[in-house]
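Sequence positions, counted from 1, serve as the residue numbers for this chain.
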Amino acid sequence: MDKRRREFETGRTCARAALGRLGRPSAPLLPGRHGEPRWPEGIVGSITHTRGYRGVGVSEAAHAAAIGIDAEPNQPVPGPLLHWVATPDERAEVDALLRASPGVRFDRLLLCAKEAVFKSWFTLTTRRLGFEDVAIELEPAPGSGTFTARLEDAHDRRARLRGRWLLAEGLLITAVVIAVEPSPPSAERLSSRALRH
Ligand SMILES: CC(C)(COP(=O)(O)OP(=O)(O)OC[C@H]1O[C@@H](n2cnc3c(N)ncnc32)[C@H](O)[C@@H]1OP(=O)(O)O)[C@@H](O)C(=O)NCCC(=O)NCCS
């Protein structure tokens, strides 16, 4: 079996196990037109694979609007790719973080964070972000941390997303969960509130 087919199938095995933990029956998880996984009605989720690792995050759609996860080896971003992925400000931030904590490949973490943001935003909007559309601020702590992503998409929609990251067993793992927007109060509730005031 070739590598791509293996990672697709083992990723799907993890995804079905994750659905089982939510009490959902096994279901075919076909890819959408843009490669995104198509989850059963009422479920949001995300899949990642890298050498020796498969990861899946799933949630009931009532609890999360979108999820994006990504895993990368804790190794330098190859060649000149960082110049393509990161803005000058992000590169300066990465350089400073690498000097302070050389055990964490913050250059690779930046890429990993952008991929998680990409997947969550695509799930929410079906719009693709470019690397330049997202500015990441990494907030490190030993072996794990958080990050903030400020983004603007092709429809001029802006957002500030929060994510988490972890370094474990040589892998960097990032996750972004976009919260469900609270629904506006119904007209009925508004008028009863107005009556009480
Ligand atoms: C699609 C992409 C996000 C996948 O990330 P990756 O690090 O290369 O690979 P991963 O193994 O982590 O993820 C692959 C999984 O992502 C999921 N995926 C693919 N396209 C997706 C999309 N449009 N939206 C959400 N998830 C998607 C799939 O589940 C896929 O696994 P599967 O094919 O087995 O189902 C990446 O290849 C890509 O095209 N990125 C766009 C480039 C970019 O601009 N990124 C950042 C901008 S902020």
Side-chain angles (χ1 to χ4, degrees), residues 11 15 29-50 55-72 77-97 105-140 145-166 172-187 189-190 193:
L29 299 167
L30 301 175
R33 227 158 40 94
H34 302 273
E36 76 284 8
R38 288 171 48 207
W39 299 95
E41 188 67 30
I43 296 286
V44 292
S46 182
I47 298 175
T48 185
H49 13 65
T50 188
V56 175
V58 286
S59 168
E60 299 284 351
H63 301 142
I67 296 177
I69 64 169
D70 196 63
E72 298 277 336
V77 171
L81 186 62
L82 190 63
H83 282 258
W84 193 58
V85 166
T87 63
D89 282 353
E90 287 172 330
R91 290 202 296 275
E93 184 200 6
V94 159
D95 283 346
L97 289 170
R105 286 308 315 190
F106 287 100
D107 50 343
R108 199 62 171 255
L109 180 59
L110 184 85
L111 169 66
C112 194
K114 288 201 179 188
E115 297 290 31
V117 168
F118 174 94
K119 290 178 189 176
S120 65
W121 195 248
F122 188 87
T123 303
L124 189 74
T125 65
T126 65
R127 292 203 286 278
R128 297 174 67 85
L129 291 166
F131 288 110
E132 67 291 352
D133 298 329
V134 181
I136 299 281
E137 202 175 307
L138 298 167
E139 294 123 29
T146 54
F147 61 89
T148 303
R150 289 190 177 73
L151 64 87
E152 185 172 346
D153 72 13
H155 289 211
D156 293 333
R157 184 161 166 202
R158 289 176 194 198
R160 180 176 171 279
L161 306 181
R162 295 280 296 154
R164 301 179 73 83
W165 65 267
L166 172 74
L172 293 163
I173 299 169
T174 50
V176 172
V177 178
I178 303 181
V180 177
E181 297 259 325
S183 40
S186 66
R189 270 177 56 205
L190 272 180
R193 207 184 290 165

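- With sequence neighbours excluded, no residue satisfies salt bridge (Lys or Arg N to Asp or Glu O under 4.0 Å) with Arg164.
- Applying the side chain to side chain contact (heavy atoms under 4.5 Å, CB included) test to Phe131 and every residue at least two apart in sequence or in another chain returns Trp84, Val85, Leu111, Lys114, Glu115.
- Judged as a side chain to side chain contact (heavy atoms under 4.5 Å, CB included), and not counting sequence neighbours, the contacts of Pro78 are Leu81, Arg108.
- By the 4.5 Å heavy-atom criterion applied to side chains, Pro140 and Phe106 are counted as neighbours.
- Considering only heavy atoms from C-beta on, Val58 stays 4.5 Å or farther from Val44 through its side chain.
- For residues 37-47, no residue pair satisfies the side-chain hydrogen bond (donor to acceptor under 3.5 Å, both in side chains) rule, not counting sequence neighbours.
- With sequence neighbours excluded, the residues satisfying salt bridge (Lys or Arg N to Asp or Glu O under 4.0 Å) with Asp153 are Arg127.
- Taking every heavy atom of both residues into account, Thr48 and Ala71 meet most closely at OG1-N, 3.0 Å.
- Residues passing the side chain to side chain contact (heavy atoms under 4.5 Å, CB included) test with Arg150 are Glu137, Thr148, Arg160, sequence neighbours excluded.
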Counting only pairs under 3.5 Å, give me each side-chain donor-acceptor contact of residues 61-69, with atom names and distances, residues two or more places apart or in other chains.
none

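- Counting heavy atoms from C-beta on, the side chains of Ile173 and Cys112 never come closer than 4.5 Å.
- The stretch residues 58-67 participates, sequence neighbours left out, in these salt bridge (charged side-chain N to carboxylate O under 4.0 Å, His left out) pairs: Arg24-Glu60.
- Contact detail for Leu29 and Pro40: the closest heavy-atom pair is CD2-CD, 3.7 Å.
- A 4.5 Å side-chain heavy-atom check between Lys119 and Asp70 finds at least one atom pair inside the cut-off.
- Here the closest heavy-atom approach between residue Val176 and residue Gly163 is recorded as CG2-CA, 4.2 Å.
- Taking Ala135 as the reference, Glu90 meet the side chain to side chain contact (heavy atoms under 4.5 Å, CB included) condition, with sequence neighbours excluded.
- Here the closest non-hydrogen pair linking Ala149 and Val117 is CB-CG2, 3.7 Å.
- Between Ser59 and Val177 there is no side-chain heavy-atom pair separated by less than 4.5 Å.
- When the salt bridge (Lys or Arg N to Asp or Glu O under 4.0 Å) test is applied to Glu152, the partners found at least two apart in sequence or on another chain are Arg158.
- One N or O on the side chain of Asp107 and one on the backbone of Val77 form a donor-acceptor pair closer than 3.5 Å.
- Partners of Arg162 according to the salt bridge (Lys or Arg N to Asp or Glu O under 4.0 Å) rule, which considers only residues two or more places apart in sequence or in another chain, are Glu139.
- Between Glu72 and Thr50 there is no side-chain heavy-atom pair separated by less than 4.5 Å.
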Verify side-chain contact (heavy atoms from CB on, under 4.5 Å) between Trp165 and Thr146, making sure each step is shown before the conclusion. CA-CA 6 Å; Trp165 65 267; Thr146 54; 5.7 Å; no
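- For His34, the ring-ring contact (aromatic ring centres under 6.0 Å, His included) partners are Phe122, not counting sequence neighbours.
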